[in-house]
Amino acid sequence: MSKSRNYYTKEFKHKAVELSYAKGSIERTCKDLGISISSLSRWRKELKQYGKNSFPGKGNLKLTDQEREILELKRKLKDAELERDILKKAVSIFSKSDKRNIDL
């Protein structure tokens with residue numbers, strides 16, 4: 001028989017970490033909340049490392065603010081390069097059609 005997995009909300013995790021720091025004892029907090037010590041320790045570590053970007057949910061990346069900014073800038077650069085390439089092709093097409101009109 002498999003053990004069902006508990007899922008906790010982002011808010012619950014934040015409050016549990018805050019409570020553990022307020023009480024000063026991970027063991028006591030875990031006992032009061034009914035969670036494992038390893039889970040709370042991992043949450044504390046993650047919150048310390050990623051801050052407000054902690055606990056993003058299933059399938060989402062945990063990123064620091066700088067990593068998130070880098071990803072956003074890379075997306076913007078890719079969009080700008082795509083626009084540039086489209087404009088180059090358009091200029092090429094229009095310049096060819098202008099030459100044909102002059103030759104006629």
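Atom set for the values below is all heavy atoms of this structure, side chains included, hydrogens, waters and symmetry mates excluded. Note that the structure is predicted; figures quoted are calculated from it, not measured.
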### Message
Please enumerate all residues that pass salt bridge (Lys or Arg N to Asp or Glu O under 4.0 Å) together with Arg75, with sequence neighbours excluded.
### Response
Glu72

#### Entry: Residue pair Ser20 / Leu40: nearest heavy atoms and the distance that separates them
CB-CD2, 3.7 Å

#### Entry: Heavy-atom neighbours of Glu69 CD exceed 12 at 6.0 Å
no

### Query
Can you list every salt bridge (Lys or Arg N to Asp or Glu O under 4.0 Å) pair that touches residues 76-87, not counting sequence neighbours?
none

### Query
Partners of Glu46 by salt bridge (Lys or Arg N to Asp or Glu O under 4.0 Å), sequence neighbours excluded?
Lys62

Determine all donor-acceptor pairs shorter than 3.5 Å in which one atom belongs to a side chain in residues 24-35; sequence neighbours excluded.
unit_1, atom_1, unit_2, atom_2, d
Ser25, OG, Arg28, N, 3.2
Thr29, OG1, Ser25, O, 2.8
Asp32, OD2, Lys23, NZ, 2.1

### Query
By ring pair (Phe, Tyr, Trp, His ring centres under 6.0 Å), which residues pair with Tyr8, not counting sequence neighbours?
Phe12, Trp43

### Message
How long is the straight-line distance from NE2 of His14 back to OG of Ser54, given to the nearest 0.5 Å?
### Response
5.5 Å

## Note on the structure
Contacts of Ser41 meeting side-chain hydrogen bond (donor to acceptor under 3.5 Å, both in side chains) (sequence neighbours excluded), chain-then-number -> none

### Task
Kindly write out the residues that satisfy side chain to side chain contact (heavy atoms under 4.5 Å, CB included) with Glu11, not counting sequence neighbours, or none if the list is empty.
Thr9

### Contacts of Gln66 that satisfy side chain to side chain contact (heavy atoms under 4.5 Å, CB included) - sequence neighbours left out
Thr64

### Query
Hydrophobic cluster mates of Leu82, side-chain heavy atoms under 4.5 angstrom, ILVMFWY only, any path?
Ile86

### Query
Should the heavy atoms of other residues, nucleotides or ligands under 6.0 Å from NZ of Lys10 be counted, would the total exceed 12?
yes

